[in-house]
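Values below: every heavy atom of this structure, side chains too, minus hydrogens, waters and symmetry copies. Chain letters run A, B, ... following the sequence lines, proteins first and then strands; every chain starts at 1.
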Amino acid sequence: MIRAQGLGAVLAGIDVLRAVDFHANPGQITVIVGPNGSGKTTLLRRLTGDLQGPGRVLLDDAPIGAMPPRRLALRRAVLQQATQVGFPFTLREVVRMGQEAGGQAPGIVAAAIAEVGLSAMIDRPFQDLSGGEQARGHLARVRAQIWNPVTSGGACWLFVDEPVAALDIGHQIQVMDLLRRFADAGGGVVAVMHDLNLTAMHADRMVLMAQGAVLATGTPAQVMTDGHLSAAYRAPIRINRAPDTGVWLLPQMAGDPIKGQN
Amino acid sequence: MKRLILSAVIAVVPLLAQAQDRVLPLGGAVTEIVYALGEEGRLVGRDSTATWPAAALQLPDVGYVRALSPEGVLSVTPDLIVMEQGAGPAEAIEALRGAGVKIVTVPDVYTPEGVAQKVRVVADALAVPEKGAALAQKIQTDIAEARARVAADTGRKPRVLFILANTGGRLMGSGTATAADAIITLAGGKNAVSGFTGYKTLSDEAITTAAPDIVLLMERGDGSVQADAILAHPAMMHTPAGEHGAVVQMPGLLLLGFGPRTAEAIDTLHKALAARQTQ
Amino acid sequence: MAATGPMRRAHRLPVAMVVTGLAILLLGVALASLSLGASGVLPWDGWRRMLTPAETAILYNIRLPRLILGGLVGAGLAVSGVLMQGLFRNPLADPALIGVSAGAGLGAVTAIVLGGLMPVTVQALAGMYMAPLFAFCGGGATTLILYRLASLRGHTSVTTMLLAGIVLGALANAIMGILIFIADDRQLRDLTFWGLGSLAGTNWAKLMAAAPILILGLAAAPFLARGLNALAMGEPAARHMGTPVETIKRGAIFAVAAMTGAAVAVSGGIGFVGIVAPHVLRLAIGPDHRALIPASALFGAALLITADTVARLIVAPAELPIGILMALIGAPVFLWLLLARRPGTGM
């Protein structure tokens with residue numbers, strides 16, 4: 001379990017996070033949402049150890065700041081919002097880096113790439129892949145690092161920042177299903193997401209942030225109310241309403257994308 | 001009687017065998033001296049600064065005398081190297097010594113006696129000391145006569161500025177304790193610069209203070225272009241030399257070599273300075 | 001999902017084949033270097049007849065140490081290039097960027113111009129090795145200053161390192177300019193030749209002095225390979241994968257400084273090996289540093305030995321400074337590298 005108390009962060013002289021308490025359980029998908037500038041990504045960076053500041057983060061009661069990086073890499077993997085690959089590595093080589101970081105068997109590389117549907121590109125230069133394909137490629141790398149949701153050391157964690165931002169709806173569903181399976185098998189997922197529908201579909205717990213502080217936590221039903229959302233996003237927001245005219249589509253109603261219409 | 005002559009010859013042969021016959025001179029003046037001694041048949045190479053006499057240019061060139069390659073030098077298989085002071089780099093000379101080549105260093109002193117000493121050292125190295133003594137004597141006589149002609153000239157001594165190089169507008173000139181300084185004095189001139197030793201880059205103010213009557217240059221392929229560029233230098237333009245366009249050019253090795261042709265150098269320079277002065 | 005982008009696999013040659021090929025190339029080039037020279041003596045002449053002292057000296061005191069040092073310097077410069085490019089995530093990063101070459105050059109220029117003004121004991125101790133000694137000290141001092149500047153806030157910033165390197169390089173060049181200005185004619189010529197780079201003054205003493213440092217750097221480099229691979233995705237991603245990023249950065253910068261400092265100290269200004277060798281190999285076997293580092297070492301060694309052999313033969317019995325040859329080869333390759341960069345690939 002991930003626990004943090006009184007997390008703060010100052011960036012360029014501004015209090016971006018103000019004494020935030022956070023916890024996440026294995027076997028669950030915990031999603032952090034909120035408007036731009038609310039501190040979501042900063043909170044994630046505090047949780048992954050990328051940013052220092054007041055407050056401690058504990059992984060199974062051990063402070064992550066004290067853990068050697070190699071050992072921490074065996075317990076949790078991080079998918080950043082965007083990662084540039086500086087040299088012409090192939091997809092296989094990029095994913096292999098994750099596999100080696102996590103001490104996994106070499107066969108995992110092909111399995112992780114297949115899981116995100118990129119087997120045909122395995123030996124292509126990573127930089128030749130489209131934006132969406134690169135995002136999925138990095139997810140494969142992260143999965144190759146943390147393949148087993150639960151190991152002898154305890155539950156393992158995936159921290160993902162906007163995992164579906166660059167993807168089309170079909171792949172969005174695919175990736176969310178992947179995270180769901182990971183959590184169902186006992187692993188822990190902490191995600192930062194913009195998309196409230198996908199969050200409502202898959203999150204076990206939601207943390208709604210606004211202006212550097214937590215506005216509401218709980219199940220999607222508890223957090224996603226007209227009041228909470230309108231206050232956080234500073235715009236009138238109404239849930240569970242359909243428009244009278246025009247076309248609209250919810251991911252909740254999308255079928256199996258590979259089989260086509262249903 | 002025949003037996004005496006035969007045994008004398010037999011006694012001399014080993015002595016002859018000890019005189020090295022594969023000689024590499026390093027330095028223009030040293031090479032000239034070997035030719036002046038008539039020993040050029042023993043030469044196996046030269047360095048890039050040895051440009052006189054023309055026959056020397058036919059010899060294999062081992063490169064710039066201060067940037068020698070050890071194997072390159074050894075490839076002409078010398079058994080004796082006669083080198084001017086300052087040949088290098090030091091590691092290369094060390095390597096040559098380590099290869100078993102006899103090395104003789106010739107001191108470089110810019111005086112008539114210094115020239116004579118050079119000749120004697122080279123001649124000793126070549127095992128022809130009598131020829132050396134004779135040549136040294138002749139050179140000193142020639143120089144003495146040339147100096148007498150200079151002394152007889154009672155005109156005013158011109159102020160001479162020797163320019164070694166012009167790199168992008170920066171003029172490198174000669175102070176004291178150089179070959180240029182010595183030859184200028186011997187030829188009856190006065191070094192316009194005196195504040196430092198060696199060849200240094202001159203500031204504009206130094207050039208103006210020097211106020212040379214004549215600029216002395218080494219001849220290169222593009223002789224006149226070089227002289228024009230120097231005279232057009234802003235600081236030069238306001239000196240007597242600049243105003244009158246007074247430039248004297250002579251071949252570098254003749255002018256600064258302090259070798260067998262030193263007397264000729266003194267004469268030529270003296271006449272050239274005198275000619276320019278009357279303008 | 002249909003594949004997007006050009007329909008091609010990455011063109012790669014098998015690593016084992018390339019490394020073996022390079023090793024064979026190096027052996028061949030080394031043998032050629034030992035056998036070729038202005039004097040024409042061959043190594044196996046010694047089996048058929050007695051060698052003269054001059055020939056023995058040529059083979060064992062001139063060609064052999066020169067060959068070994070040339071190989072080590074070539075390997076050191078090439079691997080320094082790989083480490084620099086991995087550190088800065090840019091295939092155009094050159095060891096000279098961090099200012100170590102300029103610092104070493106400043107040391108050498110100081111020795112050449114002010115050597116006569118040094119206390120007599122210093123002159124006596126250093127002897128003819130004053131320039132290499134000072135060059136090495138200059139490189140070392142520059143590295144320490146650079147490292148302190150770049151680590152001011154507790155963690156080593158690669159960007160600050162680059163900027164500090166540029167500043168230190170500019171400072172070193174400025175001081176060198178002053179020294180050049182006061183130098184006399186002979187010193188200027190010595191400086192010119194030093195700057196053009198040469199292995200001509202190599203002897204066993206210089207080799208024994210420089211070899212341990214070069215070998216140390218070359219031995220340490222492979223340990224940085226995995227970390228540099230991960231670093232290609234940025235420091236945060238590398239950290240997330242467990243890479244000890246600060247150690248890798250420190251290790252890389254010190255290895256580069258040591259190898260470049262030693263190389264410049266004994267052979268003057270030789271450029272382009274650090275760019276040419278890694279770039280060509282990256283195209284052949286890919287950017288994985290675990291293969292790139294050893295392959296670059298072999299290729300750099302072979303490249304420099306070949307260039308040195310050509311330098312010794314092309315104007316024999318004189319010799320071309322090797323820095324000129326490397327520039328003649330390296331500049332067109334560098335140009336091609338710039339023109340062939342495909343936009344958006346980050347290459």
Exercise. Which members of residues 39-53 of chain A, sorted by number, sit under 4.5 angstrom from chain C on a heavy-atom basis?
Worked result: A/Thr48, A/Asp50

Exercise. Is there a side chain to side chain contact (heavy atoms under 4.5 Å, CB included) between A/Met97 and C/Arg226 once you walk through the steps?
Worked result: CA-CA 8 Å; A/Met97 288 194 222; C/Arg226 244 185 76 175; over 6 Å; no

Exercise. For the residue pair C/Met241 and A/Ala101, what are the closest heavy atoms and their distance?
Worked result: O-CB, 3.2 Å

Problem set entry | Per-residue contact mode, A/Glu93 against chain C (heavy atom under 4.5 angstrom) | side chain

Exercise. So do the side chains of C/Arg239 and A/Pro69 get within less than 4.5 Å of each other, counting heavy atoms only?
Worked result: no

Exercise. So with a 6.0 Å cut-off around CZ of A/Arg56, is the heavy-atom count from everything else above 12?
Worked result: no

For this session: Output every pair passing salt bridge (charged side-chain N to carboxylate O under 4.0 Å, His left out) with a member in residues 61-71 of chain A, not counting sequence neighbours, ordered by first then second residue.
Result: A/Arg3-A/Asp61

Seminar exercise, completed: Bottom line for C/Glu235: the part with an atom under 4.5 Å from chain A's heavy atoms is neither

Exercise. If you take all heavy atoms of A/Glu100 and C/Arg290, which pair is closest and at what distance?
Worked result: OE2-NH1, 3.0 Å

Problem set entry | Geometric class of the C/His289/A/Phe87 ring pair [parallel <30°, tilted 30-60°, perpendicular >60°] | perpendicular

Exercise. Under the side chain to side chain contact (heavy atoms under 4.5 Å, CB included) criterion, do C/Arg12 and A/Thr90 qualify, and how do the steps go?
Worked result: CA-CA 10 Å; C/Arg12 300 275 183 83; A/Thr90 60; 3.6 Å; yes

Problem set entry | Flag side-chain contact, heavy atom, 4.5 Å: C/Met233 against A/His138 | yes

Problem set entry | Backbone of A/Gln84 reached by a side-chain donor or acceptor of C/Arg89 within 3.5 Å | no

